[in-house]
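In what follows, a single structure is set out as structure tokens and then discussed.
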Amino acid sequence: MTLMIKICGLRTRGGRVAARAAGANAIGFVFAESVRRVTPAAARDAAAGAPADILRVAVMRHPGQAEWQAVADGFAPDVLQTDVADFTALDVPGTLRRWPVYREGQKIDPAHLPDEFLYEGRSSGSGETVDWDRAQSLAARGRMILAGGLSSANVGTAIERARPWGVDVSSAVERKPGEKDPQMIRSFIAAARAAEQRL
């Protein structure tokens, strides 16, 4: 199974092109409070021209239905990523993939994990790593995307220990907050693919 690699926090078409050229499988656009926050129109413009096989992910946190609907209408993502509890209050089309976010320190019943989910630190975008051994026990239950503090320096070890279905990176591929660096994206993806080959 091919490792799914998501480059998150994109804001420009150039960042999207760099992510795709390096071999990313998914591109994330942040609609929650963040230096990387974009409008639905800006995300739509940045994602324009992306091949059909790259997933366009709307990254939110505790959105109301009106906020989510504006993103759904203006950006038309393939995936909604938000905290697991948020989904109970949102009207999300059945055709849309859902990546509920579970966080380090949260009580999680492995028996009730969905088929696909994301596991990260307590605070999104903080660069905080998670307990990779605990993550591995969750990864055995479904398609887990590992996030939080990953970089080209540690993603190989994280993949070998946690055995995730996918990995997610944002701040570690930036030259400054909110500005992606093509070379850092290439280095991260190369390190992740190398680890994938070792499994």
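- Under a 3.5 Å cut-off, the side chain of Glu196 and the backbone N or O of Leu3 do form a donor-acceptor pair.
- Nearest heavy-atom pair across Ala192 and Val155 is N-CG1, 3.8 Å.
- A side-chain contact (heavy atoms from CB on, under 4.5 Å) with Met60 holds for exactly one of Thr82, Val30, Val101; it is Thr82.
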Walk me through whether Tyr119 and Glu104 qualify under side-chain contact (heavy atoms from CB on, under 4.5 Å).
CA-CA 7 Å; Tyr119 186 60; Glu104 184 93 326; 2.5 Å; yes

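- Looking at Lys6 and Glu120, no side-chain N of the basic residue comes within less than 4.0 Å of a carboxylate O on the acidic one, giving no salt bridge.
- With sequence neighbours left out, Asp78 forms a side-chain hydrogen bond (donor to acceptor under 3.5 Å, both in side chains) with Arg56.
- Between Val59 and Cys8, the shortest heavy-atom distance links the atoms CG2-SG, 3.7 Å.
- Between the Gln65 side chain and the Asp91 main chain, a donor and an acceptor come within less than 3.5 Å of each other.
- Judged purely by atom type and a 3.5 angstrom limit, Ser152 has no side-chain atom pairing as donor or acceptor with the backbone of Ala191.
- Panel note: side chain Asp109, backbone Ala111; a donor-acceptor pair is recorded below 3.5 Å.
- With hydrogens and angles ignored, the 3.5 Å screen pairs a side-chain donor or acceptor of Arg98 with a backbone N or O of Val92.
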For Asp181 and Arg186, what are the C-alpha separation, side-chain angles and deciding distance, and is it a side-chain contact (heavy atoms from CB on, under 4.5 Å)?
CA-CA 9 Å; Asp181 182 288; Arg186 286 193 293 271; over 6 Å; no

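- In terms of modelled atom types and a separation under 3.5 Å, the side chain of Asp45 and the main chain of Ala42 share no donor-acceptor contact.
- A side-chain contact (heavy atoms from CB on, under 4.5 Å) with Met4 is found for exactly one of Val167, Asp168, Asn25, namely Asn25.
- Trp165 and Trp99 have perpendicular rings, their planes meeting at more than 60° on a 0 to 90° scale where under 30° would count as parallel.
- Between Asp86 and Arg61, none of the side-chain N atoms (NZ, or NE/NH1/NH2) sits under 4.0 Å from a carboxylate O, so this pair counts as no salt bridge.
- Proximity of a side-chain donor or acceptor of Lys180 to a complementary backbone N or O of Arg11 within less than 3.5 Å is not detected.
- Within a 6.0 Å radius of CG in Asp115, no more than 12 heavy atoms belonging to other residues, nucleotides or ligands are found.
- Between Arg20 and Asp53, at least one side-chain nitrogen of the basic residue sits less than 4.0 Å from a carboxylate oxygen of the acidic one, meeting the salt-bridge criterion.
- The side-chain hydrogen bond (donor to acceptor under 3.5 Å, both in side chains) check on Arg141 picks up nothing, with sequence neighbours excluded.
- Counting all heavy atoms, side chain and backbone alike, Ala158 lies closest to Leu146 at CB-CD2, 3.9 Å.
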